[in-house]
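Some notes on the structure that comes next.
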Amino acid sequence: MLRTKKKNNRHFLRHFFVLFIFLQTQVFSVDLTTYLTWVKLYHPFFKDQSLSQSIQDQAVLGQEGVSDWRLFVELGSNKLEPIQESDFSPTKIQTHYLSMSTQKKVLPVGGVFQVYGRSIQRNQFLNPIQFGDQMVSFGLGRLYENRLGLSYTQPLLKNRKGRLDRFPIFQAEKRAEANQYRKKINEDAFLAMATQRYIAWALNVELLQLTQKQLDSARDQLAQTKRKYAQNLVERLDVLRAEDDVRLNQQKRITIASQVADAAIALSLLSGKPRSALATPDFDLERLQAISGAVSFEETYQAQLFFLDLALQERVKQAKKEASRSSLDVVVDLSLLGGSDSVRSSLSLDKSDHSLSLLYQRSLQNRRARSDFKQSVLGLDQLELRREEARLQFETKKRQLLEQLKATQDQILLSRAHIKSSKKRVDEERRLYDLGKGNLNFVIQAKSYYYQTEIQYRQNLAQAQLYYVDYLNLTSQLTYQLLDKEH
């Protein structure tokens, strides 16, 4: 029984050890979508872009505060010594007052509503006048006055319907919306850069594998040549040529391995993942995606950004025109008041005041307003020209990329045929050499040429992938095609 238990424990430990070694030796590959997801979640650039958008959103909320209730409080005291116009005039007046008001802008119509209150204590120092045997003072030595009222101001010309009051809110909203497109443009550009580095890494990994095959082939050739030399079938010079070929391919492998390591370190820094998480790319260079050349400039983020800027500039022009108008406001004021030599009586508010007035204001020359309006018109024309310039640049770049992609795809087809023919040349040179009719140098040259065609083929594939990424970035499709669509 005890032996059986010990045996089972040994089997368990053996299986556990084998599983541990298996997991440690596994190489986990990383596909492009996973890598870009890491980059987007980790890199500070994307957090910075999100904060920038949050700042713009807060700016909108801040501008909406123009319609908030506002409270005004004034507490004061003054002392006057008026000129004596008669014996009944006070020699000195002391006034203490507390004034409070709250007002709110009514954005849909541009008016201002106000509720106010005011309390005054006025102390008058009067000269007494003698009437017979008595000294008499005319007037109240202390007066309490309280007023409670409301007023409303309605613009009839400038700022009618709140056009000027609502403009800062509209401006902040458009800027926040435009920032969303700028954020998308910036993020796509960053992801395009990260994708290009990933493709370069995938290319170098394939080149490293290809160089390793070339090195293995050179070593096999060296071993075979040494055997033939031992049998006196070849000259010593063939052995030296084979050894040189091995050393040359070792140097190539060291160079490319260094490039692979450098690329992996750069990708690790972009994604925030350890170097061990980027063991090998899971990316097929031969999988070329079909693209549509029918994407128009109007479908891009840049075009949407121009549309928003044009809408904002048009509104700026309207606001400048509105600001140049004359001001005509109607003001209605209603209030209740009370006054007495006692505080309690003054709170009765048994009297009323009301007023209706028109306020007109106009700048006689109005040069600044006219200049501002003209600048806004010129700015709108300039923005239209810039949009057209951007559209032409887009069309030019799009055609260039499509032509470059087509030319690269043609080169890929030629490279495939070239690989086949160069492989046949290697086989033929080796056959002749094995028959003693050829030269080892020709075999080495044929192999080198064959591997060079393989390298050129993979470089063309990678270049086609890079053109595809540039096209996606240009047409504002990168995030959707490489991230959102894959998910």
Side-chain angles (χ1 to χ4, degrees), residues 31-41 43 45-46 48-50 52-53 174-203 270 281 283-312 383-412 459-487:
D31 61 32
L32 178 58
T33 301
T34 300
Y35 173 70
L36 292 181
T37 302
W38 289 349
V39 172
K40 196 168 184 179
L41 290 175
H43 203 279
F45 175 82
F46 295 92
D48 175 72
Q49 293 297 307
S50 297
S52 175
Q53 186 59 45
K174 290 301 177 183
R175 285 176 176 173
E177 192 174 350
N179 191 74
Q180 290 180 349
Y181 286 105
R182 289 190 182 93
K183 175 175 175 287
K184 292 178 180 179
I185 291 172
N186 294 337
E187 289 181 349
D188 272 10
F190 194 94
L191 290 175
M193 178 272 295
T195 303
Q196 289 164 354
R197 292 191 179 184
Y198 178 91
I199 292 173
W201 178 47
L203 172 62
L270 281 176
F283 188 76
D284 186 5
L285 288 174
E286 292 187 308
R287 184 185 175 190
L288 299 177
Q289 302 288 343
I291 61 175
S292 171
V295 180
S296 65
F297 175 70
E298 285 69 22
E299 299 176 68
T300 65
Y301 296 145
Q302 190 179 16
Q304 298 303 317
L305 191 57
F306 270 110
F307 291 149
L308 289 172
D309 288 343
L310 285 168
L312 178 57
L383 199 56
E384 287 280 7
L385 292 174
R386 288 178 177 175
R387 186 180 74 89
E388 181 62 20
E389 181 183 2
R391 188 189 67 81
L392 292 175
Q393 290 177 350
F394 169 84
E395 293 294 340
T396 301
K397 182 66 174 176
K398 186 180 80 169
R399 291 178 185 177
Q400 288 175 344
L401 286 173
L402 291 174
E403 288 295 330
Q404 290 169 337
L405 186 58
K406 183 179 182 302
T408 304
Q409 289 173 336
D410 292 340
Q411 289 178 351
I412 290 172
Q459 288 175 339
N460 287 335
L461 289 174
Q463 187 59 61
Q465 296 288 355
L466 293 176
Y467 285 145
Y468 174 67
V469 172
D470 287 340
Y471 185 81
L472 292 182
N473 186 32
L474 178 69
T475 56
S476 302
Q477 301 180 82
L478 190 137
T479 299
Y480 171 73
Q481 291 291 343
L482 299 186
L483 274 176
D484 298 343
K485 186 178 179 181
E486 295 298 326
H487 286 122

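Note that the structure is predicted; figures quoted are calculated from it, not measured. Throughout, residue positions are numbered sequentially from 1 according to the sequence presented.
With respect to the salt-bridge test (charged N to carboxylate O, under 4.0 angstrom), the residues Glu389 and Arg386 do not qualify. Ion pair Glu388/Arg391 flagged as a salt bridge, since at least one NZ, NE, NH1 or NH2 atom sits closer than 4.0 Å to an Asp/Glu carboxylate oxygen.
Rounding to the nearest 0.5 Å places CG of Leu305 at 10.0 Å from CD of Glu177. Note that CD1 of Ile412 is 8.5 Å distant from CD of Glu286, once rounded to the nearest 0.5 Å. Between the CD atom of Gln459 and the OG1 atom of Thr408 there is a distance of 12.0 Å, given to the nearest 0.5 Å. Here CD of Gln49 is found 11.5 Å from NE2 of His43. Values are rounded to the nearest 0.5 Å. In this structure, CG on Leu288 lies 7.5 Å from CG on Leu405, to the nearest 0.5 angstrom. Atom OH of residue Tyr301 and atom CG of residue Asn186 lie 12.0 Å apart, to the nearest 0.5 angstrom.
Here the shortest heavy-atom pairing between Ala390 and Phe306 reads CB-CE1, 3.5 Å. Taking all atoms of both residues into account, the shortest heavy-atom contact from Ile199 to Leu285 is CG2-CD2, 4.4 Å. Summarising the geometry of Leu270 relative to Tyr35, their closest heavy-atom pair is CB-OH, 3.4 Å, with the distance given to 0.1 Å. Residues Val295 and Lys398 come closest through the heavy atom pair O-NZ, 3.0 Å. Across Ala303 and Glu298, no two heavy atoms sit closer than the pair CB-CA, 3.7 Å. Nearest approach of Asp309 to Ala178, heavy atoms of both residues: OD1-CB, 4.4 Å.
In this structure the side chain of Val39 reaches within 4.5 angstrom of the side chain of Phe46, judged on heavy atoms. Residues Leu483 and Thr33 meet the side-chain proximity criterion, which asks for heavy atoms closer than 4.5 Å. Taking 4.5 Å as the limit, some side-chain heavy atom of Asp470 sits within range of a side-chain heavy atom of Gln196.
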Exercise for review: Check the pair Phe297, Leu392 against side-chain contact (heavy atoms from CB on, under 4.5 Å), reporting the backbone distance first and the verdict last.
Suggested key: CA-CA 9 Å; Phe297 175 70; Leu392 292 175; over 6 Å; no
Check your understanding: When you look at Thr475 and Phe394, which way does the side-chain contact (heavy atoms from CB on, under 4.5 Å) test go after all the steps?
Key -> CA-CA 9 Å; Thr475 56; Phe394 169 84; 4.1 Å; yes
Check your understanding: Does the pair Lys40 and Thr479 meet the rule for a side-chain contact (heavy atoms from CB on, under 4.5 Å), with working shown?
Key -> CA-CA 11 Å; Lys40 196 168 184 179; Thr479 299; 4.0 Å; yes
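In this structure, the side chain of Asn179 does not engage the main chain of Arg175 through any donor-acceptor pair within 3.5 Å. Judged purely by atom type and a 3.5 angstrom limit, Glu384 has no side-chain atom pairing as donor or acceptor with the backbone of Leu310. Panel note: side chain Thr195, backbone Leu191; a donor-acceptor pair is recorded below 3.5 Å. Side-chain atoms of Tyr467 never come within 3.5 Å of backbone atoms of Glu403 as a donor-acceptor pair (strictly under, hydrogens ignored).
Side-chain atoms of Gln302 and Thr300 form no donor-acceptor pair, as typed in the model, at a separation below 3.5 Å. A side-chain donor from one of Glu299 and Ser296 sits under 3.5 Å from a side-chain acceptor of the other.
Using cut-offs of 30° and 60° for the angle between ring planes, the Phe45 and Phe190 rings count as parallel.
Shown here are the salt bridge (charged side-chain N to carboxylate O under 4.0 Å, His left out) partners of Asp410, two or more places apart in sequence or in another chain: Lys406.
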